[in-house]
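Below, chain A is the first sequence line, B the second, and so on; all start at residue 1.
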Number of protein chains: 2
Amino acid sequence: MTEPQDRRELIVATAAEMFARKGIRATTVREIADAVGVLSGSLYHYFRSKDEIVQEILSEFLEEVRARYAEVLGRGDDCAQTLRELVLASLRVASQRPSATAIYQNQLRYLRDRPEFKEGAAEAQRVWLELIDRGVAEGVFRADIPPRVFYRLIRDAVWMSWRGPQPDGMYSLEELADAITSIFLEGFIARPESAVGTSTAAARRR
Amino acid sequence: MTEPQDRRELIVATAAEMFARKGIRATTVREIADAVGVLSGSLYHYFRSKDEIVQEILSEFLEEVRARYAEVLGRGDDCAQTLRELVLASLRVASQRPSATAIYQNQLRYLRDRPEFKEGAAEAQRVWLELIDRGVAEGVFRADIPPRVFYRLIRDAVWMSWRGPQPDGMYSLEELADAITSIFLEGFIARPESAVGTSTAAARRR
DNA sequence: GTCTATATTGAGATAGAC
DNA sequence: GTCTATCTCAATATAGAC
């Protein structure tokens, strides 16, 4: 959500917002041009096609995810803590690039065919799956749940939190990340010895 | 996924499959007609517009959800058990109408404007939220997690399980429902007294 | 770098014969 | 109930003046 410096960035930012709101196909180049304040033909000075705009939006998004995940992994935290930080990192990307996030989530079909994005998506998946496998191996995570099932659940939970506008605005990113992590690690059942939940939540901000 | 009897049903079923796979806008009436084995003009004998086909697919889906949820509620089970059964009921709808489910999940933007679907979606949401509120009130569910946050997480978990093709084919619906419910209620942390997980899972099939 | 004007294509939908 | 033929419109993209 950085303020666009030049025309090109303005076009990308404007298009991203409109794609997220109305969908890629439903947004015409004329509408984008209108919103930017130029005529449709002018867009083609910066981009060879509408699709090229989409690609720019999505590669920025995937690069951001890649960088943040790498940073989290570099810290060398334990499994539970790493999971927590991956959730938070994802939410940070989502809050920083809400439009790109929405596009990425909603236009999966659009992306399926484009090999250029396959790799980025696969790398993100690998990060999660390796973490889960490690946790299971260390006995920290349950072995009776198929890793892929857990991966899908937490992936969707994380990215879907941002479908609508800020989910119940009252929560900060950190609070939402805590809630998600806490549910996934400790469950929604009320426990007498709720000390587990408290201790790990408190441990988050090391 | 019942075998279509007449032309009309065949058109709906074919269109649903294509909409789910390629998206609504990306699927043309000509393609639908081709797949059915007629020419595009003939479709308009059965439907006044492409949009009418979409509406038929989605109202069937919502009606199915409504009916199954009502049946679950009618059993009068306790909170945890009802939650479990709602998960299973949702997965059953998803497996019975995979195309409609995919369309419903992926075309939320398409649906946003249509008031005729708002009510059905709102009713389903009400079922989940009232259950969660009741569980919190009874002290069965945690009070420190905002109900709406939990609702969103489990809703997405349930419906998203069916985005791709059968998620890791090896699991039956019941097994997947058990895994999802178990994670959301008991968490992913390995516990020594894992008897909790075992007992509730065993209790599922009363 | 932006505009005007337009080419081109593809989509949903219709009319009327069979 | 289906086909042939076509209308109409909207969208991406281009060419070339300014």
Side-chain angles (χ1 to χ4, degrees), chain A residues 3-59 99-100 103 106-107 109-114 116-117, chain B residues 3-59 99-100 103 106-107 109-114 116-117:
Chain A
E3 274 309 305
Q5 318 292 349
D6 59 7
R7 239 336 69 138
R8 190 189 167 87
E9 285 179 45
L10 177 62
I11 294 169
V12 172
T14 307
E17 192 279 324
M18 299 178 86
F19 289 157
R21 185 157 38 81
K22 315 193 347 169
I24 295 174
R25 294 183 79 102
T27 304
T28 71
V29 293
R30 264 182 261 262
E31 288 172 317
I32 298 171
D34 281 357
V36 169
V38 296
L39 287 190
S40 67
S42 306
L43 296 186
Y44 290 83
H45 176 68
Y46 300 93
F47 302 94
R48 267 178 310 196
S49 69
K50 177 182 173 181
D51 206 76
E52 208 172 271
I53 304 179
V54 176
Q55 295 192 22
E56 185 142 327
I57 295 168
L58 292 175
S59 11
S99 303
I103 294 167
N106 285 320
Q107 312 289 325
R109 206 191 343 273
Y110 184 96
L111 305 174
R112 261 215 293 264
D113 322 317
R114 339 230 151 207
E116 62 268 34
F117 298 125
Chain B
E3 274 308 305
Q5 317 293 352
D6 59 7
R7 263 281 120 112
R8 190 189 167 88
E9 284 178 45
L10 177 62
I11 294 169
V12 172
T14 306
E17 192 279 325
M18 299 179 86
F19 290 157
R21 185 158 38 82
K22 314 193 347 168
I24 295 174
R25 295 182 78 102
T27 304
T28 70
V29 293
R30 266 178 259 264
E31 288 172 316
I32 298 170
D34 280 359
V36 170
V38 296
L39 287 189
S40 68
S42 306
L43 296 186
Y44 290 85
H45 176 69
Y46 300 95
F47 302 94
R48 268 179 308 197
S49 69
K50 176 182 174 180
D51 206 76
E52 208 171 271
I53 304 179
V54 175
Q55 295 192 22
E56 184 143 327
I57 295 168
L58 292 176
S59 12
S99 303
I103 294 168
N106 285 322
Q107 310 289 325
R109 206 191 343 273
Y110 184 97
L111 304 175
R112 259 213 296 261
D113 321 316
R114 336 228 152 209
E116 61 268 35
F117 299 125

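A donor-acceptor contact under 3.5 Å links the side chain of Arg30(A) to the base of dA11(D).
The side chain of Ser40(B) has dA13(C) as its nearest neighbour among dG1(C), dA13(C), dT2(D). Distance from the side chain of Val29(B) is smallest for dG12(C) among the nucleotides dG12(C), dA13(D), dA13(C). Of all nucleotides listed (dT12(D), dC3(C), dT2(D)), dC3(C) comes nearest to the side chain of Leu39(A). In the set dT2(C), dT12(D), dT2(D), dT2(D) carries the atom at the smallest distance from any side-chain atom of His45(B).
Distance OH (Tyr46(B)) to P (dC3(D)): 10 Å, rounded to an integer number of Å. Distance CD (Glu31(A)) to P (dT12(D)): 8 Å, rounded to an integer number of Å. The interatomic distance linking Ile32(A) (CD1) with dA11(D) (C1') rounds to 12 Å, in whole Å. Distance CZ (Arg25(A)) to C1' (dG10(C)): 10 Å, rounded to an integer number of Å. Atom CG of Asp34(B) is separated from atom P of dT2(D) by 15 Å (rounded to the nearest Å). dA11(D) atom P lies 20 Å from atom CZ of Phe47(A), rounded to whole Å. For the pair Leu10(A) CG and dG1(C) C1', the computed distance is 14 Å after rounding to whole Å. Nucleotide dT14(C) holds its P atom 15 Å from the NZ atom of Lys50(B), rounded to whole Å.
OP1 or OP2 of dT2(D) has at least one side-chain nitrogen or oxygen of Arg7(B) nearer than 4.0 Å. For Ser42(B), no side-chain nitrogen or oxygen approaches OP1 or OP2 of dG1(D) to under 4.0 Å. Between Tyr44(B) and dT14(C) there is no side-chain N or O to OP1 or OP2 distance below 4.0 Å.
As judged by a 4.0 angstrom heavy-atom cut-off over every strand, Thr28(B) is placed among residues touching the sugar-phosphate backbone only.
To the nearest 0.5 angstrom, Ile32(B) atom CD1 is 11.5 Å from Leu10(B) atom CG. Residue Lys50(B) holds its NZ atom at 6.5 Å from OG1 of Thr27(B), rounded to the nearest 0.5 Å. Here Ile11(A) contributes atom CD1 and His45(A) contributes atom NE2; the two are 9.0 Å apart, rounded to the nearest 0.5 Å.
Between Gln107(B) and Phe19(B), every side-chain heavy-atom pair lies at or beyond the 4.5 Å cut-off. Put simply, the side chain of Arg7(A) reaches to within 4.5 Å of the side chain of Val38(A), judged on heavy atoms.
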